[in-house]
Amino acid sequence: QVQLVESGGGSVQAGGSLRLSCAASGYQASTYCMAWFRQAPGKEREGVAGIGSDGSINYADSVKGRFTISQDNAKNTLYLQMNSLKPEDTAMYYCAEAVWRTWDLCRFRDTKYDYWGQGTQVTVSS
């Protein structure tokens, strides 16, 4: 079993930055996908950034050039550095992991992910 614990959310003004963290515990698969999803009120959940165990990195078009996903394998921690935040980035952000799958099978398909964090709120004011 894998447990994901998120932190780092908060309220910032447009143009500001936040760094989200996702700490993973429990059994760690050697082949996996990890990704950040977000969901705003009245909108569907969408993938934001993802990384495969082979090092492949993918971003939603809406965040390219502003967000950076990374991981520290020694600490079993996933990060999302968010810069130049916009009001439309306001959402609940979730960390998710799919085990024993490669990125081509995970991508931003939320049904493919096995474990989810509790979510952390990001609010960006204009």
Side-chain angles (χ1 to χ4, degrees):
Q1 298 294 314
V2 174
Q3 182 178 6
L4 305 176
V5 180
E6 301 170 338
S7 61
S11 298
V12 298
Q13 291 189 313
S17 298
L18 285 173
R19 189 192 194 199
L20 307 184
S21 298
C22 173
S25 61
Y27 178 78
Q28 298 298 309
S30 58
T31 303
Y32 61 85
C33 305
M34 295 199 75
W36 292 94
F37 291 81
R38 67 185 182 188
Q39 187 169 27
K43 297 183 179 180
E44 295 185 355
R45 185 164 54 195
E46 63 175 346
V48 177
I51 184 168
S53 50
D54 63 351
S56 60
I57 295 175
N58 293 272
Y59 298 98
D61 288 341
S62 60
V63 306
K64 286 182 179 178
R66 300 188 298 121
F67 291 11
T68 302
I69 188 171
S70 62
Q71 63 181 358
D72 185 336
N73 289 331
K75 297 181 178 180
N76 290 325
T77 302
L78 183 74
Y79 301 98
L80 184 66
Q81 179 66 47
M82 304 185 295
N83 298 325
S84 301
L85 284 163
K86 304 175 180 179
E88 50 262 45
D89 295 318
T90 296
M92 185 73 73
Y93 283 70
Y94 299 91
C95 173
E97 180 178 4
V99 296
W100 304 116
R101 295 188 181 95
T102 54
W103 180 253
D104 61 314
L105 296 177
C106 299
R107 303 187 68 81
F108 292 132
R109 304 166 181 165
D110 55 3
T111 58
K112 300 297 184 180
Y113 288 80
D114 303 290
Y115 302 100
W116 294 81
Q118 79 285 358
T120 184
Q121 178 68 38
V122 172
T123 302
V124 184
S125 60
S126 60

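Every heavy atom of this structure was used, including side-chain atoms; hydrogens, water molecules and symmetry mates were not.
Criterion: ILVMFWY side-chain heavy atoms under 4.5 Å apart, direct or through other members. Under it, Phe37 and Val2 are not part of a common hydrophobic cluster. By the rule that hydrophobic residues join a cluster once side-chain heavy atoms approach within less than 4.5 Å of another member, Tyr94 and Leu18 end up as members of separate clusters. The cluster map of Ile, Leu, Val, Met, Phe, Trp and Tyr, joined by side-chain heavy atoms under 4.5 Å apart, puts Met92 and Val12 in different clusters. Under the 4.5 Å side-chain heavy-atom criterion for grouping Ile, Leu, Val, Met, Phe, Trp and Tyr, Val99 is connected to Ile51 within one hydrophobic cluster. Both Ile57 and Val48 are assigned to one and the same hydrophobic cluster, defined by single-linkage of ILVMFWY side chains at heavy-atom distances under 4.5 Å.
Considering every non-hydrogen atom in both Ala14 and Ser126, the closest pair reads CB-CA, 4.3 Å. Scanning all heavy atoms of the two residues, the minimum distance from Arg109 to Leu105 falls at NH1-O, 3.6 Å. Here the closest heavy-atom approach between residue Ser56 and residue Asp54 is recorded as OG-OD1, 2.8 Å. In plain terms, the two heavy atoms of Gly47 and Ala60 that are nearest each other are O-CB, 3.4 Å. Arg107 approaches Tyr113 most closely through the heavy-atom pair O-OH, 2.6 Å. Shown here for Ser84 and Arg66, the closest heavy-atom pair between the two residues is O-NH1, 3.0 Å.
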With side chain to side chain contact (heavy atoms under 4.5 Å, CB included) as the criterion, how do Arg38 and Thr90 come out once you've worked through the C-alpha distance, each side chain's angles and the decisive distance to 0.1 Å? CA-CA 9 Å; Arg38 67 185 182 188; Thr90 296; over 6 Å; no
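Annotation: side-chain hydrogen bond (donor to acceptor under 3.5 Å, both in side chains) contacts of Lys64 (sequence neighbours excluded): Asp61. Taking the side-chain hydrogen bond (donor to acceptor under 3.5 Å, both in side chains) definition, one finds that Ser70 meets it with nothing, sequence neighbours left out.
Between the SG atom of Cys22 and the CD atom of Glu97 there is a distance of 8.0 Å, given to the nearest 0.5 Å. Remark: Ser7 OG to Leu20 CG distance equals 8.0 Å, nearest 0.5 Å. Interatomic distance, CG of Asp114 versus CH2 of Trp100, reported as 11.5 Å (0.5 Å rounding). Going from atom CD of Gln39 over to atom CD of Glu44 covers 8.5 Å, rounded to the nearest 0.5 Å. Atoms CD and OG, from Gln71 and Ser21 in turn, are 13.0 Å apart once rounded to the nearest 0.5 Å. Separation of atoms CG (Leu78) and CG (Asn73) is listed at 10.0 Å; rounding is to 0.5 Å.
For the pair Ser53 (side chain) and Tyr32 (backbone), a donor-acceptor distance under 3.5 Å is present. Arg101 places a side-chain N or O within donor-acceptor distance of the main-chain N or O of Lys112, the cut-off being under 3.5 Å. Side-chain atoms of Tyr59 come within 3.5 Å of backbone N or O of Ile69 as a donor-acceptor pair.
Checking each of Val63, Val124, Val122 against Met82 for a side chain to side chain contact (heavy atoms under 4.5 Å, CB included) leaves exactly one that passes, namely Val122.
Remark: aromatic rings of Trp103 and Phe108 are close, center separation under 6.0 Å.
Side-chain atoms of Asp110 and Glu46, non-hydrogen and from C-beta on, never get closer than 4.5 Å to each other.
A tilted orientation is assigned to the rings of Tyr93 and Phe67, their planes being inclined by 30° to 60°.
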